[in-house]
Amino acid sequence: MKRMMVVAFVVTLALAFVFFLSAAMLELAPAAIDLRVPVSAHLTESGVSHPVTAVLLNYRGYDTLLEIAVLLLALVAILAVVGEAPVAPSRAAHPVLQTLGRLVTPLMVVVAVYLLWAGAFRPGGAFQAGAVLAAAAVLLHLVGLLAGWSSPRLRLRIGLAAGFALFLAVAAALLKQGSLLQYPPDAAGTLILLIECGLTVSLALILAGLFLFLAREEGA
Amino acid sequence: MTLAFDLLLALSLLWSGWRTLATPRLDRAIVMFITFGLLMTLAWARLSAPDIGLAEAAIGAGLTGALLLDAYGVLRRPRKGP
Amino acid sequence: MTSYELVPLAVLASSLLPGLIIFALPDGWVGVRTSLNVFAAIGKLGLVALLLDGVAAGENYGVRYAVLPGLELSLQADALGMLFITLSAVLWLFTTLYAIGYLEDKPRRSRFFGFFNLCVTATMGISMAANLFTFFVFYELLTLSTFPLVVHRGTDKAMKGGTIYLAYTLLGGTALLTGIVWLHHLLGHTEFAHAGIAAALGPEYAGQLKIIFLLLITGLGVKTAMVPLHGWLPQAMVAPAPVSALLHAVAVVKAGAFGIVRIVYEVYGVEFAQSLELLLPLAIFASVTIVWGSLRALFQDDLKKRLAFSTVSQVSYIVLGVALFGPIGTIGGLVHLVHQGIMKITLFFCAGNYAETLGIHKVSEMDGAGRRMPLTTLAFSIGALGMMGAPLTAGAVSKAWLIDGALAASMDWAVWVLWTSSLLNAAYFLPILWRAWFRPVPVAWPEEHIPRHGWRETAWLLLLPPLVTAAATLAAGTLSDSDVTPLAWAKLIAEREYVGRSVP
Amino acid sequence: MNEPLIDPLVWLILLPLAWATLAFVLGPGRGGWLAIAGLVAQCWLAFNLAQQVSAGVAVVHAVGGWGAPLGIDLAVDGLSAAMLLLTQTVALPLAIYARSYFKASDPAGAGFWPLTGFLIAGMNALFVSADLFNLYVTLELVGLAAVGLVAAGGGAQQVAAALRYLFATLVGSGAYLLGVALIYGVYGTVSIATLLPLVTNEVPRLVWIASALIVSGLILKTALFPFHFWLPPAHGGAPAPVSALLSALVVKASFYLILRLWLGPLQSVLPAFGWLLALLGAAAIFWGSWQAIRAVKLKRLIAYSTVAQLGYLFLIFPLLAAPAALQAAVMQAFAHGLAKAGMFAAAGVLIKATGQDTVAGLAGAVERLPVTMFAFALSGITLMGLPPSSGFLAKWQIIQAALAQGHWIIVVVVLAGGLLAAVYVFRVLRLGFLSTPENVTFTPVSRVLEWSAFALAAASVLLGLRGVELIQLLGART
Amino acid sequence: MTTGFVFAITGGALFALGAAGIVLIGDLMRRILAFNLMGSGAFLVLVGLAQRYDVADPVPHAMVLTGIVVAVAATALALALVRKLHALTGEIELPDDADE
């Protein structure tokens, strides 16, 4: 009975919220500020021609820096939670699947590289590339070609942290330009590409890690 | 026309979201969630945000889905702890 | 920093620093701790003497420190403060000696003396506080640092006493704080000043001021142990004898009484308080306490409990004196602040001696104690007679002034209160003396800890302090007209408080 | 303006990120000294920054050199400088404490250093950020790091607590994010400085919804009654150094954000919620204290005391017209930060020594662990708000502000809260004073643990003598 | 009624749906799903409302990319915790927390 009351209450609340929210949205006037103007105005100095990438890694690069920190942090937290656990023997899947995996993986790597390179001037970039690579690793694990990871050894830890460390180092080094992450317009493109390469590797490792460090806990 | 498509997409988003929470079986729910992710990708495309679309497909639907399914695989077999 | 600022701080430091050091000392290091204690006490006495001299000469010792804009910790050595500070400093020396003897080879001595020193620091701060805020700071410090002493024995009984003590004092503290904050809000400051500061507010504030007065007096009345706020005092008697002696005969209860004096004279101003018709209720409040305390004392068999209720009654003499509008009553009250301290501490020392030497805790066990411990019993008798206000004792002096004050204020009923109390005092002290001196020695004492060595009926560190304070009781009674006595000083204060009124 | 390469504002964010990453690379349980060294530097930076601010130097840092609204601005005023100072000064002793608390190969300490690094970096970034979306990222950084710390190497109870905490903090930041999304929709910017002139007295209804979402998200993260359900298990269940960090600092971060928006861009909207928050604050004081008085476990007691103490922070919202109110809030944040860190640290020592986490198990503690119990008592004095502690100054300021505006009820709540605090503090102390029972044995504990707890507690009391500086810092116009 | 509005409103609804789910559902896996719905809702509002006149705005796009990564990080952590809890107790619901 009490349960029903609670449900009814929450649902009514939610519906009311949606109603008022929509009503308020529809009566909205145009925004006072339009950021598309400055975004495109400074695009040439930003070092990339794709506005989203420009925002992501230049105008609001600081957000991205902290975001990578969040990702790395999540991985650290997960490792701290699951603790030491034996690596799960990966279940060998049907040979057909395995061959499929063997075929698809290189393809995905190529896609990733393309996405990374494309990011500078059209949709794509480090995140998508990293995600694709991670997906490849996950796939390999699922078809039984890649074992779950045990708690990471030094080399893996370096790999996981490298992208973020690189990003951080560049950000700090750019302080001498006057402020954090202030790319000199001429070198901006190169630096951003450098950062993106680093990020792609680490993002791939971290995202794969989110999966593979948990996977190992299976059967433990 | 486009509006009609948008509305349809919106409704299917809501429906898949609702099913994700409401279907009794967890595995179905997770599949529903992955569907939801793919629909989101469409929505991003409609909002002319291909970057997000890519990310959603790869991370939102792909990786998260894989994580969920893997977890489901473990949780399915109830195990008493020490 | 000038010496005028340094000396008051030094007075605090002379017990604060030793206290903190002593906390760190292992229990075993008796020698270090003892010498530290004694030297600190003597040093403080020296500093106080310096201050006394200066203040008598009208010099201005004081220091201020702002903790918030408009909220200052402020110390100031004035005549009224010196009365209390001198009393505490002197009695502290003797109590320290007594405590050293009393606590020989008992556990947790470092902790005891550490908090003991903190208490004295708090007392010094209370007497030198130049505004209500500073007063409150040290008042709460006193509460906190006495708690560990009350529960020192670590028994469940001690715990109960300590908890009750806390409940009363913390509630009192809150009432006091409320009053102070309110007053600070109205006035923007709470500095003490002769003839008071509250009068500055217009008549439209009379109502608020009355409520504030009630809050302040309630807050202070707890430590003063005024009925009905006295419940903690008898319970707190579970503490070791030196604690009962210094803290519950002098420091704590006097802190309350002293605070009331400050409130009446230097916050409200006695004239203004009279015009608000606050003094009469206060006087009645005090009188009730006086009689009630004495009555309860009659029925206590536990010696320390009887003394405790006697304290309840006696401390309110001070309040009564303050509430009697007019300089004579004031002098009576102030002088009693000192005299009661000397006499009551004597009694507690003696009670402690009986307990330590012969294991006597009850009045009914006192038979023949006088034969076994003549010197202690002599001191006890002097103290007891003083309490009754017998001639030649300090008690006689203060009582005389109080009665004159009552008559001068044409409050004859107060005279009756005082006489009744005296009779009751006699009724609960004389039986003790009679038992001690004239009843035969029992076959065995409850439990005899300390054997007799020739004339030394007990450890000399236990014996010396009560004898000295007893002597002081007689001195204060006989030499009251000379100008080095508390009486002379009280007159000086009264002159300063009653600006432009003739003081006898 | 600072020589950019040594701009303290930036390094307060970069340093902890750097040592956190390094600690992770070094491996589980490693990096303690690294962290301590980093924190020493951060303390110096924070003091340096505070001096600049109170000297009236305007400290703004346009990341990427773009400047708002295109880029993200970092800005420091008296309020944020104070919070930075608090964070570094509390974190340093706790780091020293934690280094000897976690034995090598203690699973609970596995991720401690990197997580702590990210946590502190997140808070510093939050205190200086002037961009609503960037603030969302910092909130997530802080929240996830905190959850990780609670869960690390724990048993079922601890993991469950971490999950509760995780969902609370995720819903909180989710609500905040939606609010920010709406704000961006309405004004086209998330930069606080740019929003300031745009948010006028009559705003579209959407801004009201946004404000409501933001505030409710943040009070959920601050564990304001009745959203406190997640706090006692999380703070009570985590290892002592973690509990100390969370209770002392993390909850303050989201509170700071409410205050920041209240005084900043949403000042024309939020005051409408003033009395509601104060009401909840009062409820928190009574409910939290009551639960603390009834608690069986020592750390539960302390955690509930946090619920109560947070209540004071919210009493000030209807009073913000008077400057004393803001001063009271910051003073209370400092008082509770230092005192609660000290108290949890002390509790950690007691638990290590007695081998159990119950209030009843403390009999005789005063005799065996005098320093620790002294630390506990000093923290208690601050929590009770007895003079001359910083807690007293905080209460005094609240009361002054309340009286100045004639809100008697708040005065009553504050004073009553102090008494209730006395009940649960002395509930612990009086037990400590009992003589040790025969059957109880105390295992010896490292001096470092005892004294770092003591240092924090003592600081919370002594701060009461430095109130003037703090208020100058707050008053500094930049 | 532009595309932007449609998806902004859909986002609002999804947010409410997810929030209600987290509050009402005990099963931890479902809660994690609900949280993801909630997040996606917020993202849709962020982008949709910003381009309610159907002119793409890169700034919210970048923000959402950031948000998605944060969301997946949170989800992974949540899953790790749930799996740990399951490994320890065999439950996938929260035990009511007790102080004893």
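In what follows, every chain begins at residue 1, and chains take the letters A, B, ... in the order their sequences are listed. The structure displayed is predicted, hence computed values, not measured ones.
- Judged by the 6.0 Å distance and 45° axis criteria, Arg31(E) is positioned over the aromatic ring of Phe167(D).
- When heavy atoms are compared at a cutoff of 4.5 Å, Ala19(E) does not approach chain D at all.
- Residues Val63(D) and Asp73(D) are not in side-chain contact: their nearest non-hydrogen atoms beyond the backbone lie 4.5 Å or more apart.
- For the pair Val47(E)/His61(E), a side-chain contact is recorded, criterion being any heavy-atom separation below 4.5 Å from C-beta on.
- For the side chain to side chain contact (heavy atoms under 4.5 Å, CB included) test with Leu126(D), the passing option among Leu141(D), Thr138(D), Val137(D) is Thr138(D); the others fail.
- For the set Val147(D), Val180(D), Leu163(D), the count of heavy-atom pairs under 4.5 angstrom toward chain E peaks at Leu163(D).
- Only the side chain of Leu166(D) comes within contact range of chain E, judged by heavy atoms closer than 4.5 Å.
- The CG atom of Asn134(D) sits 11.0 Å away from the OG atom of Ser191(D) when rounded to the nearest 0.5 Å.
- With contacts defined as side-chain heavy-atom distances shorter than 4.5 Å, the pair Leu257(D)/Leu139(D) qualifies.
- Between chain E and the options Gly179(D), Ala151(D), Ala175(D), the largest number of non-hydrogen pairs under 4.5 Å is found for Ala175(D).
- Interface remark: Leu206(D) contributes side-chain atoms only to the contact with chain E (heavy atom separation under 4.5 Å).
- Annotation: maximal heavy-atom pairing with chain E below 4.5 Å, among Leu177(D), Val171(D), Thr169(D), Val190(D), occurs at Val171(D).
- With a threshold of 4.5 angstrom between heavy atoms, Val82(E) approaches chain D through its backbone and through its side chain.
- The side-chain heavy atoms of Leu198(D) and Thr189(D), taken from C-beta on, include a pair separated by under 4.5 Å.
- When heavy atoms are compared at a cutoff of 4.5 Å, Met63(E) approaches chain D by way of both its backbone and its side chain.
- For a residue to count as touching a neighbouring chain, one of its non-hydrogen atoms must lie under 4.5 Å from one of that chain's; by this rule Ile22(E) touches chain D with the side chain only.
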